[in-house]
Each structure stands twice: as C-alpha cells, then as structure tokens.
Amino acid sequence: MSFSGTVKEELAEQINPARHCQLAELAALLHFCASTLDGGKHLCLDTENEAVARKCFTLFKKTFNIDNVVTGTKDRLLPDDESEMKVIQALHLNGHAGNTILLTTPVNSILVKNSCCARAYLRGAFISIGSMSDPEKSYHLEFVCSESAQARQLKEIIQGFQIEAKVIKRKKYDVVYLKEGAGIVDLLNVMGAHVSLMNLENLRIVKEMRNSINRRVNCETANISKTVTAASKQIEDILLVRDKYGFENLPDNLKQMAEIRLEHPDAALKELGGYLEPPVGKSGVNHRLRRLSEIADGIRS
C-alpha cells in the first residue's frame, strides 16, 4: 500500500467521541464524495473509496443511529425521507430554496468553528480528496477540489493551524497543496495520523542525514581534487626548474622547499611546513611554492 493509502487507512479508523466533531467529518465526506439524485432531492454516495464508504457508515450509525445506508453510486444513500431530513438539517445541506440539497458550497461555518471540529473536517477531507507523494522521493500533500469556494475554505482552515497552504488551478480543479516536510508533519498531527507522522519523521531524519553526508562527501571530494591538482602543478613546475634552471641556482629556502615537495607529493601545505628547517606556516609554504611556479613560468616563456 502507498504511503498516502496508509495515512487514509489510519484516519479512517479514527472516530472522535464528540458528536459535533463527527458531524464536521461527515459533512466533509458528503461535500467531497456525495452527489444528489432526482434533481437535488436525495443524497447518494458517489465514490468507490472503501475508506469513505466505511467511515460514512460508521458516522451515520453513531450520529443518527442509521445503520441501513446504501453506498452504491446510483442508489439513494439514506433509507427514508425522515432520516434524510435529519441529516440535511444537522449538516446544513439545504439549498437557498430549502427544497434541494446543496453540496457544491463550503460547509457551514458553524460545523467547523471549534478547533476539534476543524481537525475532524480536515480528516474527512483527506480521506475523501487528499493524497500524498512517497516521502522517500518528495514532500507533497494535496486536496483536489472541484469547487473554488471549497478549496478556499480548506486552505483557510489549514492556515488556522499556522500551517502554510497554497491553491493552484489544475485543469478544472482547484488544488490545495503543501510542499514543506515540516508543514506536512504538522498537518498529519492535526488530522490525528500519529503513526504515519512518526514514520514520516523517521524517513525525514534518514533523508536529511543522507543528504548531509552526501554534501560533506562532495565537499571533501572537491577539496581533495583541488589539492591534488594544485600539488601536481607544483611538482611539474619544480621538475622544470630542476631540469632547466637547477636547484643549485635557487635561494636556500626555495631549494629546500622544492626538495621537500618532491619527497612528499601528497602532503598538504601545513604538513609540508613541518618538514622544513625551521618549520614554516601554511602561508609561508604557499608563498615559496608560488615563487617556484613563477620561476617555472619564466622558463616557459
């Protein structure tokens, strides 16, 4: 199962004991996954998502004591008009005229005014229209909304928990998305996906450690390559000076430096300075090698 599917399964098992939170989550499930029959008079569950169907069944039972819902995409969801009216009124699904069911607007603000209810609403929204990329590859979590107003409300609710979310247009959909690993972790915590949160945190730690090691290795490799290239050039210059000019014609400090460099071709500048008599610091070694290179350049020209 994908990481996104694992998160949904975990959220589907979460049942808040408070009825007002159950109503908020049920409202999200219906707004994002239900449709209407007979010109907007009856509800039907327009989804093949088993987690959504299972959660709806559980919430209808707990909030309205309705246990004979039908989850077929072309069937009436609720068994009778009385049950349906209770649900419509409790979830504020009435259209302006009062005789049709309206699912394309944002959920009524009364249902998500409390922080706990907003958490439940986000949980229902993710189960319905959410998805998440494999955190091994990238950090990306999104909700694909068919209505702009619903996307704006979803974004505002997420931002109410101090989590940055953005909206982008993708074909005919409005997509609310998060791309920062820390923000995704915070949202999983808000929704109650604590096991998935810990798994994601573990993956983040491993990924960040791996990236840190790679950066360090790349830096050290670059430094080693730079050092080797510089040493090769120094030795090439010193050999030219020896063969074309002669060490005996060099000042004693440059002669000693040239001989030490040839004896220790792989040594760093600081190490070379320790071999000199008397010892010389890194800047002094660098200065002498630069003088030898200048003499070699003069020979070449």
Side-chain angles (χ1 to χ4, degrees), residues 1-4 6-7 132-142 163-164 166 177-189 195-301:
M1 183 181 292
S2 67
F3 192 90
S4 184
T6 302
V7 174
M132 183 176 169
S133 63
D134 182 355
E136 289 270 15
K137 300 176 181 177
S138 64
Y139 299 128
H140 184 86
L141 185 151
E142 67 180 29
I163 301 172
E164 184 179 0
K166 297 181 180 179
Y177 70 95
L178 289 76
K179 291 195 74 67
E180 294 295 330
I184 293 173
V185 166
D186 289 341
L187 185 58
L188 291 177
N189 183 50
V195 175
S196 297
L197 182 156
M198 293 304 299
N199 291 336
L200 175 58
E201 282 286 51
N202 289 336
L203 289 171
R204 285 182 70 207
I205 291 170
V206 172
K207 190 174 182 180
E208 288 173 8
M209 185 179 298
R210 188 186 301 130
N211 290 340
S212 176
I213 292 172
N214 287 340
R215 284 193 297 271
R216 190 176 303 172
V217 168
N218 290 339
C219 182
E220 291 178 357
T221 301
N223 289 336
I224 291 171
S225 177
K226 184 178 178 181
T227 300
V228 169
T229 301
S232 298
K233 176 66 166 58
Q234 292 160 6
I235 291 171
E236 179 185 330
D237 290 342
I238 289 170
L239 291 175
L240 180 64
V241 171
R242 183 194 65 185
D243 297 340
K244 299 294 185 179
Y245 187 73
F247 284 173
E248 66 276 7
N249 296 316
L250 293 173
D252 289 343
N253 64 336
L254 295 186
K255 177 183 178 183
Q256 185 187 21
M257 184 73 260
E259 291 172 344
I260 290 295
R261 174 41 106 188
L262 291 180
E263 290 175 15
H264 305 280
D266 299 326
L269 297 185
K270 186 176 181 180
E271 186 180 352
L272 287 175
Y275 294 132
L276 296 172
E277 289 293 340
V280 176
K282 182 178 177 181
S283 60
V285 171
N286 191 48
H287 174 73
R288 294 183 186 188
L289 290 171
R290 190 163 57 248
R291 287 284 296 115
L292 288 167
S293 293
E294 289 172 356
I295 295 172
D297 289 340
I299 295 171
R300 292 188 184 95
S301 61

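FYI, side chains are in, hydrogens and waters are out, and symmetry mates aren't considered; it's all heavy atoms of this structure. Just so you know, residue 1 is the first one in the sequence shown, and it goes up from there.
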request  = Decide yes or no for Tyr139 and Asp134: does some side-chain heavy atom of the first lie under 4.5 Å from some side-chain heavy atom of the second?
outcome  = no
note = CD1 of Ile163 to CD1 of Ile184, rounded to nearest 0.5 Å, is 10.5 Å
ask   = Considering all heavy atoms of both residues, which atom of Ile238 and which atom of Ala258 are nearest to each other, and what is their separation?
value = CG2-CB, 3.7 Å
key: Heavy-atom check, side chain of Gln256 versus side chain of Glu277, under 4.5 Å   = yes
Distance (rounded to the nearest 0.5 Å) between Asn189 CG and Met198 CE = 11.0 Å
remark   = d(Met257 CE, Asn286 CG) to nearest 0.5 Å is 10.0 Å
His140 vs Met132, side-chain contact (heavy atoms from CB on, under 4.5 Å): CA-CA, chis, key distance, verdict = CA-CA 6 Å; His140 184 86; Met132 183 176 169; over 6 Å; no
query = Where is the tightest heavy-atom contact between Pro265 and Ile235, given as atom of each residue plus distance?
reply = CB-CD1, 3.4 Å
message = Let me confirm one number: the CG-CD1 distance from Asp237 to Ile299, rounded to the nearest 0.5 Å.
response = 9.0 Å
inquiry  = Please identify which of these residues, Val185, Leu178, Val7, meets the side-chain contact (heavy atoms from CB on, under 4.5 Å) condition with Leu141.
reply    = Leu178
message = Please determine whether the number of non-hydrogen atoms from other residues, nucleotides or ligands lying under 6.0 Å from atom NZ of Lys244 exceeds 12.
response = no
Check: Lys270 and Val285 side chains under 4.5 Å, non-hydrogen atoms = no
query = Quick one: CG on Leu289 to CG on Leu254, what's the gap to the nearest 0.5 Å?
reply = 9.0 Å
ask   = So, Arg261 side chain and Ala267 main chain: donor-acceptor pair closer than 3.5 Å or not?
value = yes
task = Identify the heavy atoms of Phe3 and Ser196 that sit nearest to each other, and give their distance.
result = CZ-O, 3.5 Å
inquiry  = Are the side chains of Leu240 and Ile295 in contact, using a 4.5 Å heavy-atom criterion?
reply    = no
query = Are Glu236 and Arg300 close enough for a salt bridge, meaning some N to O gap below 4.0 Å?
reply = yes
ask   = What do you reckon, is CD of Glu180 surrounded by more than 12 foreign heavy atoms closer than 6.0 Å?
value = no
task = Applying side-chain contact (heavy atoms from CB on, under 4.5 Å), run through Leu292 and Leu250 and close with a yes or a no.
result = CA-CA 9 Å; Leu292 288 167; Leu250 293 173; 4.0 Å; yes
inquiry  = Under a 4.0 Å threshold between the charged nitrogen and the carboxylate oxygen, would Lys255 count as salt-bridged to Asp252?
reply    = no
query = Hey, is NE2 on His287 packed in by over 12 heavy atoms from elsewhere, all under 6.0 Å?
reply = no
ask   = Measuring from Asp186:CG to Glu164:CD, what's the distance to the nearest 0.5 Å?
value = 12.0 Å
request  = Can you see which heavy atom on Ser133 is nearest to which on Ser138, and at what distance?
outcome  = OG-O, 3.0 Å
ask   = Just by modelled atom types, is the Tyr245 backbone N or O under 3.5 Å from a matching donor or acceptor in the Asn249 side chain?
value = yes
